[in-house]
Peer 1: 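Here it is, the structure, as structure tokens.
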Amino acid sequence: MTSSKGSIPDPGQGFLPEDRIPDVSILRRDYEKLRIIHELQRDIGLELDLDRILDRILDRTFDFLNCDRGAVLMMNGDGLLVIRAVKTRNPGENLIISKTMVRQVKMTGSGLIAADALADKRFRNAQSILAQRIRASMGVPIRYRDELIGILIIDSSHATDAYQQKDLQLLTNIANQTAYFIKNADMAQRIEADARTRARFERLLSPNLAEMVVSGELKVEKGGEDRNATVLFADIRGFTAMSERMPAAAVLRMLNDLFEIMVAVVFRHEGTVDKFVGDMIMVIWGAPVSHEDDPCRAVRAAVEMQEAIDRFNAARAAHGKELIHVGIGINTGHLVAGYIGSTRTMSYSVIGRSVNLAARLCSAAGPGQILVSEATRARLGDRFETESLAPIQAKGIRHPVNLFQIIKGAA
């Protein structure tokens, strides 16, 4: 078959119109290559594991090109290209990546064919080419938009001119698909990680603060940091005796219902739920995010908690259930905030003497009572009415502690 100009075209220079291909076997081979590439998308599908993605890409590449060795190099966090996936025709073969090929592709930013690598001046001193007797080699950049994220390299030791211009076009197309596969997997993994982070912090923080942590607008440091914060403890008076009078399942339902109400109040005032321990809840204002009026927020939340518990008790009384009474203690002072735990499981928390004092005030509080320390009282101004109570000798604290009872909410 001749072209319209009377000459026989070189089918290796690119994909020609069907009527210009001189041999039907060439047409069949081209079709098979295109079919394999088309199926690559379906083969990978929704795969999110990067190593499996790269392995399948190399497998498909070996299906339609004459390859003895192939490798995918990926850019690491230090901006260096490192081997991420390898395939060899002979299992166990030691693969040596051509630094010259990598350098040429990286420098030019485009695909490269070495039709006769041993005779190619560009690879004259390339030890990998000589050591592995590479006859033909091809490399293409893996780019996402203008960003180089990797390089795909294949080679053959059996024949010169193993790769033609249209093979370079096909391998470039695979590299382009690879870039999107990688970015899609990376994006999906980030979304999944963000969802886990959001779910974790939504248990501790109000939804708007949790979203700020996930977006990076609010930093939660993994190391401890000194903070001035307000800590609230609240627990049920007489809980041990109550739990002995109730079935375990009923106790659990009661606690879940109670904490649901209390956490809603905490989040309205942008507090951080530190932990639940039995019938106790611990809440922080001032870590990981702080406000100038954190002590007022804590006290206002405590007042709302007691009001919500009154309504909760009214509903329980209507159903003949035992009433719940909660004591609350609040202290403001210096503490250390950060992640606490093991390498397997960590939680955000605070430690320090000011935390211990808040717990002691909670223990001293009677049913329905809100006790605050002198440090917290000093930060409230005239926004709350308080009553000075007799100092107490708190466990673990050397000097008597001055304390105040909250009489009513903001004026």
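Side chains included, hydrogens not; waters and symmetry mates left out as well; all remaining heavy atoms used. Note that the coordinates shown come from a computational prediction; the quantities given were computed from them, not determined experimentally. Sequence positions, counted from 1, serve as the residue numbers for this chain.
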Peer 1: Looking just at side-chain N and O atoms, do Ser373 and Asn331 make a donor-acceptor pair shorter than 3.5 Å?
Peer 2: yes
Peer 1: Give a yes or no on this: more than 12 heavy atoms of other residues, nucleotides or ligands lie within 6.0 Å of atom CZ of Arg353.
Peer 2: no
Peer 1: Tell me whether Arg360 contacts the main-chain N or O of Lys395 through its side chain, where contact means a donor paired with an acceptor under 3.5 Å.
Peer 2: yes
Peer 1: Side chains of Arg377 and Thr386: donor-acceptor distance under 3.5 Å anywhere?
Peer 2: yes
Peer 1: How close do Leu168 and Leu112 get, heavy atom to heavy atom, and via which atoms?
Peer 2: CD1-N, 3.8 Å
Peer 1: With sequence neighbours left out, write down each residue that passes ring-ring contact (aromatic ring centres under 6.0 Å, His included) with Phe259, or none if nothing qualifies.
Peer 2: Phe276
Peer 1: Using 4.0 Å as the upper bound for N to carboxylate O, is an ion pair formed by Arg316 and Glu322?
Peer 2: no
Peer 1: What closest approach, in Å, do Val105 and Val140 show between heavy atoms, and which atom pair accounts for it?
Peer 2: CG1-C, 3.8 Å
Peer 1: Taking atom CD of Glu292 as the centre, does the number of heavy atoms from other residues, nucleotides or ligands within less than 6.0 Å exceed 12?
Peer 2: no
Peer 1: Do Arg383 and Leu380 come close enough that some side-chain heavy atom pair is under 4.5 Å?
Peer 2: no
Peer 1: Between the main-chain N or O of Thr332 and the side-chain N or O of Thr376, is there a donor-acceptor pair closer than 3.5 Å?
Peer 2: yes
Peer 1: How many angstroms lie between CZ in Arg84 and CD1 in Ile151, if you round to the nearest 0.5 Å?
Peer 2: 15.5 Å
Peer 1: In plain terms, say whether Lys87 and Asp55 are close enough for a salt bridge, that is, a side-chain N and a carboxylate O under 4.0 Å apart.
Peer 2: no
Peer 1: Inspect the surroundings of CZ in Arg145 and state if more than 12 heavy atoms from other residues, nucleotides or ligands are less than 6.0 Å away.
Peer 2: no
Peer 1: Say you draw a straight line from CE of Met138 to OG1 of Thr172; how long is it, rounded to the nearest 0.5 Å?
Peer 2: 8.0 Å
Peer 1: Do you know the tightest heavy-atom contact between Lys106 and Gly79?
Peer 2: NZ-O, 4.3 Å
Peer 1: Is Lys183 atom NZ crowded by more than 12 heavy atoms from other residues, nucleotides or ligands, each under 6.0 Å away?
Peer 2: yes
Peer 1: Does Thr88 offer a backbone N or O that forms a donor-acceptor pair with the side chain of Arg69 under 3.5 Å?
Peer 2: no
Peer 1: Among side-chain atoms of Asp294 and Thr230, is any donor-acceptor pair under 3.5 angstrom?
Peer 2: no
Peer 1: Where the side chain of Tyr163 meets the backbone of Asn66, is there a donor-acceptor pair that is under 3.5 Å apart?
Peer 2: yes
Peer 1: Show the nearest heavy-atom pair for residues Lys275 and Ser349, with the distance to one decimal.
Peer 2: NZ-OG, 3.3 Å
Peer 1: Using modelled atom types only, decide if a donor and an acceptor are shared between the side chain of Ser388 and the backbone of Phe404 within a distance under 3.5 Å.
Peer 2: no
Peer 1: Donor-acceptor pair, Gln306 side chain versus Val326 backbone, under 3.5 Å?
Peer 2: yes
Peer 1: Between Glu304 and His269, is there a side-chain donor-acceptor contact under 3.5 Å, judged purely by atom types and distance?
Peer 2: yes
Peer 1: Are the side chains of Thr61 and Leu171 in contact, using a 4.5 Å heavy-atom criterion?
Peer 2: yes
Peer 1: With no hydrogens and no angle check, is any side-chain donor or acceptor of Asp167 less than 3.5 Å from a backbone partner on Gln164?
Peer 2: yes
